[in-house]
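To start, the structure itself, in structure tokens.
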Amino acid sequence: MRALAFVIMLASCGGSPKPAPVPPSGGGTGSGSSAPVATVVAPPTSAQVCKRITELQTQNCGEFANLKVSETECIAEIDKAGENPVLAAFTGCVVQASCEEVKNCLAAQADKAAAEPPTTMRACSARSDGTPVGMPADQFAIRHGANARRFSDATSTMAVPIEMCTINSESEWIISLACEDGSHPLRNPEAARVKPAKQGGRCGSYVDEYVVKCPEKTYDIFVDAYVCPIK
């Protein structure tokens with residue numbers, strides 16, 4: 001997925017590293033005992049994260065298999081992102097010991113993030129980092145695609161996608177769409193989603209593309225799940 005933009009996209013599914021407990025000190029001979037002392041583990045460096053990403057690429061681990069980025073490019077992008085809580089969460093997952101642990105961590109954090117309403121918004125002109133763009137509630141109510149009920153109503157492109165708030169809403173919405181004969185062909189949106197996602201829309205967010213086959217035709221539906229109403 002276009003250099004480290006892929007990493008920023010995956011960051012929305014990130015977790016956070018857990019501090020490791022330190023064993024009790026072996027010193028002292030008295031009857032008293034000291035409780036284990038926990039130490040805070042320093043976050044991984046950009047070099048460590050990017051080395052791990054390269055390993056996951058080599059292992060063809062999930063979405064990482066699609067990532068085409070060198071360690072040098074990766075380090076530069078992470079350093080440029082600076083103090084980004086979304087990216088920090090992602091690195092907590094990527095440094096897990098096995099591919100399966102990385103994928104499970106990302107999936108668990110994605111479920112958690114999808115279940116929680118966004119608490120922060122970014123300006124449309126700001127760098128896309130997995131944070132939704134805030135839109136006044138009255139404008140959100142009439143946003144592009146708000147009233148689509150059939151696939152034929154959901155006209156969209158990468159530049160002008162349907163706008164939704166959260167991945168959960170995106171999935172529920174696209175499942176609800178009907179073909180012209182009233183049938184609902186999608187049960188699992190992931191089966192129709194084109195990977196990897198690409199940047200698009202009015203604010204350069206990550207846009208999902210779905211290819212859906214209906215009796216009348218095949219539809220290409222583009223969805224930006226990073227537009228949320230400001231309450």
Side-chain angles (χ1 to χ4, degrees), residues 1-14 60-68 86 90 103-104 106-118 122 124 128-133 135 139-229:
M1 218 187 229
R2 67 261 149 247
L4 206 67
F6 174 67
V7 169
I8 303 297
M9 183 279 292
L10 282 180
S12 63
C13 304
N60 289 321
C61 178
E63 294 281 4
F64 291 93
N66 299 317
L67 179 57
K68 307 299 180 184
V86 179
F90 165 76
K103 292 192 294 184
N104 288 342
L106 291 172
Q109 293 301 323
D111 288 343
K112 178 181 177 182
E116 298 175 350
R122 69 178 174 91
C124 185
S128 178
D129 61 359
T131 304
V133 172
M135 179 184 291
Q139 293 182 28
F140 184 80
I142 58 173
R143 71 196 185 282
H144 181 60
N147 298 315
R149 297 294 178 267
R150 294 176 179 266
F151 288 104
S152 57
D153 300 329
T155 56
S156 55
T157 64
M158 184 62 69
V160 187
I162 305 298
E163 295 173 332
M164 305 295 294
C165 179
T166 76
I167 299 298
N168 267 8
S169 295
E170 173 183 319
S171 297
E172 292 171 1
W173 172 80
I174 199 160
I175 288 174
S176 74
L177 293 182
C179 298
E180 292 303 287
D181 64 357
S183 62
H184 296 268
L186 284 188
R187 294 292 181 269
N188 175 17
E190 285 300 301
R193 187 166 70 87
V194 176
K195 301 177 182 179
K198 298 178 181 179
Q199 285 183 281
R202 68 172 90 186
C203 301
S205 299
Y206 294 99
V207 174
D208 286 321
E209 177 185 0
Y210 297 87
V211 176
V212 184
K213 294 182 179 180
C214 281
E216 70 274 13
K217 64 175 290 186
T218 296
Y219 294 93
D220 289 309
I221 308 295
F222 299 85
V223 186
D224 175 356
Y226 298 95
V227 179
C228 292

Self-check item: Test log, rule side chain to side chain contact (heavy atoms under 4.5 Å, CB included), inputs Asp224 and Phe222
Solution: CA-CA 7 Å; Asp224 175 356; Phe222 299 85; over 6 Å; no
Do [X] and [Y] touch side chain to side chain, with heavy atoms closer than 4.5 Å?
X      : Y      : answer
Val194 : Val211 : yes
Tyr226 : Ser128 : no
Cys179 : Glu216 : yes
Val212 : Pro185 : yes
Phe151 : Ile174 : yes
Cys124 : Arg202 : yes
Cys214 : Arg150 : no
His184 : Ile175 : no

Nearest-0.5 Å distance that lies between atom [atom1] in [X] and atom [atom2] in [Y]:
X      : Y      : atom1 : atom2 : answer
Arg143 : Cys228 : CZ    : SG    : 9.5 Å
His144 : Thr157 : NE2   : OG1   : 7.0 Å
Ile162 : Asp208 : CD1   : CG    : 12.5 Å
Lys198 : Tyr206 : NZ    : OH    : 13.5 Å
Arg122 : Ser205 : CZ    : OG    : 4.0 Å
Arg149 : Trp173 : CZ    : CH2   : 9.5 Å

Quiz item: Is there a donor in the side chain of Ser183 and an acceptor in the side chain of Asp181, or the other way round, less than 3.5 Å apart?
Solution: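 Result is yes, a qualifying pair exists.
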Exercise. Taking all heavy atoms of Ala154 and all of Leu177, pick out the closest pair and write down the distance.
Key: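 So the minimum-distance heavy-atom pair works out to CB-CD1, 4.2 Å.
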Self-check item: Shortest non-hydrogen contact between Tyr219 and Glu180, atoms and distance
Solution: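 Shortest heavy-atom contact: OH-CG, 4.3 Å.
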Quiz item: Is atom NZ of Lys213 surrounded by more than 12 heavy atoms (other residues, nucleotides or ligands) closer than 6.0 Å?
Solution: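 Count not over threshold, so no.
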